[in-house]
Amino acid sequence: MITFKKNIITLALTGALVGTLSTAAKAQEMQAPMTTQAQANITTAELSKFADAFQEVQVENQAAQQKMMGIIKDEGLDVQRFTEIQKAQMNPEAKVEATDEELKMHAAVVTELKKMQPALETKMAGIIEDHGLTLDRYKAVAMALQQDKELQKKFQGIMMKKQTEG
């Protein structure tokens, strides 16, 4: 399976297609609970940097998804069908109901997507670092946002302000 680093993809907080390409192990790794202390240590300035990086990562993520969908279609599969096969293959208890031809097309897509992975990861990490955050800190802020309603409200306020300014 493709192992797009779940940290980057989860952090973009988008991408049903990209999400289906992640391994269950990476998904569980990202679900580790965040300590209240780490959440409390997120400053408004840091949240603003995160918001800037988040917006740019989202744009890049959408472009990558479009490219991935193009690859899937070029290999002769419907995106929805690819996703169904991918989900079934990720679930050890599920039986993959696909023809040999579909499985070959799926494998070809996965091979192409794996080739994209290193450049995408590097680009996403570069975006995050360009905004003054380390990848680990970006992950920590993203996890805190998923778990802290007050922090979510603060983040939404920052995002709204950036949209009205932009």
Side-chain angles (χ1 to χ4, degrees), residues 1-75 79 82-83 86-87 90 108-166:
M1 298 304 120
I2 261 189
T3 55
F4 276 103
K5 287 190 178 168
K6 187 67 175 171
N7 54 1
I8 292 170
I9 303 309
T10 296
L11 301 176
L13 302 177
T14 61
L17 173 62
V18 178
T20 64
L21 301 176
S22 302
T23 63
K26 288 283 184 185
Q28 288 174 347
E29 175 184 303
M30 290 303 297
Q31 297 304 319
M34 185 76 163
T35 66
T36 305
Q37 182 182 4
Q39 292 173 19
N41 289 336
I42 299 170
T43 65
T44 301
E46 191 172 38
L47 199 55
S48 184
K49 287 179 186 179
F50 177 88
D52 290 337
F54 174 81
Q55 286 177 314
E56 203 171 325
V57 164
Q58 265 195 317
V59 170
E60 189 58 41
N61 189 21
Q62 289 171 351
Q65 286 180 32
Q66 290 299 315
K67 189 173 182 180
M68 286 183 243
M69 288 190 291
I71 290 169
I72 292 167
K73 289 175 184 174
D74 288 349
E75 289 296 333
V79 173
F82 172 84
T83 303
Q86 185 71 19
K87 284 181 181 177
M90 288 174 54
V109 169
V110 170
T111 299
E112 287 302 308
L113 297 181
K114 280 182 182 180
K115 290 178 188 175
M116 284 177 57
Q117 181 183 344
L120 180 60
E121 289 174 5
T122 300
K123 191 165 193 173
M124 296 282 194
I127 289 168
I128 291 164
E129 290 166 7
D130 286 348
H131 288 284
L133 296 170
T134 65
L135 192 55
D136 285 342
R137 188 59 183 161
Y138 186 92
K139 288 191 305 188
V141 173
M143 292 308 300
L145 276 167
Q146 288 180 351
Q147 298 173 6
D148 185 328
K149 298 282 185 213
E150 287 302 312
L151 195 58
Q152 287 172 16
K153 287 178 185 173
K154 194 173 179 181
F155 176 70
Q156 288 171 347
I158 289 170
M159 291 297 284
M160 296 270 258
K161 185 176 179 188
K162 288 182 181 299
Q163 288 177 351
T164 57
E165 290 172 354

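Quick note: residue numbers are just sequence positions, from 1.
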Under 4.5 Å between any side-chain heavy atoms of Ile42 and Leu145, yes or no? no
Spacing of Arg137 atom CZ and Asn41 atom CG [to the nearest 0.5 Å]: 6.5 Å
Say you draw a straight line from CD of Glu121 to CG of Leu135; how long is it, rounded to the nearest 0.5 Å? 9.5 Å
One pair to check against side-chain contact (heavy atoms from CB on, under 4.5 Å): Phe82 and Leu113. What are the steps and the verdict? CA-CA 12 Å; Phe82 172 84; Leu113 297 181; 4.2 Å; yes
Lys115/Glu112 ion pair, N-O < 4.0 Å: yes
Just by modelled atom types, is the Val79 backbone N or O under 3.5 Å from a matching donor or acceptor in the Thr83 side chain? yes
With side-chain contact (heavy atoms from CB on, under 4.5 Å) as the test, would you mind laying out the steps for Ile71 and Met116 before giving the verdict? CA-CA 11 Å; Ile71 290 169; Met116 284 177 57; 3.4 Å; yes
Hey, mind stepping through Asn61 and Met124 against side-chain contact (heavy atoms from CB on, under 4.5 Å) and telling me if it holds? CA-CA 8 Å; Asn61 189 21; Met124 296 282 194; 3.8 Å; yes
Which heavy-atom pair separates Tyr138 from Ala53 by the least distance, and what is that distance? CE1-CB, 3.7 Å
Report the C-alpha distance between Glu150 and Lys153 in whole Å, list the side-chain angles of each, state the deciding distance to 0.1 Å, and finish with yes or no for salt bridge (charged side-chain N to carboxylate O under 4.0 Å, His left out). CA-CA 5 Å; Glu150 287 302 312; Lys153 287 178 185 173; 3.8 Å; yes
Return the CD to CE distance between Gln65 and Met69, rounded to the nearest 0.5 Å. 6.5 Å
Output yes when Asp52 and Lys49 qualify as a salt bridge under the 4.0 Å nitrogen-oxygen rule, no when they do not. no
Supply the atom-to-atom distance Gln58 CD to Ile127 CD1, rounded to the nearest 0.5 angstrom. 11.5 Å
Glu60 side chain near Glu56 side chain, heavy-atom distance below 4.5 Å: no
If you measure from CD on Gln55 to NE2 on His131, what distance do you get to the nearest 0.5 Å? 8.5 Å
Distance col, row Met68:CE vs Leu120:CG, nearest 0.5 angstrom, shows 6.0 Å
If you apply the rule side-chain contact (heavy atoms from CB on, under 4.5 Å), what do you find for Val141 with Phe54, and how did you get there? CA-CA 11 Å; Val141 173; Phe54 174 81; over 6 Å; no
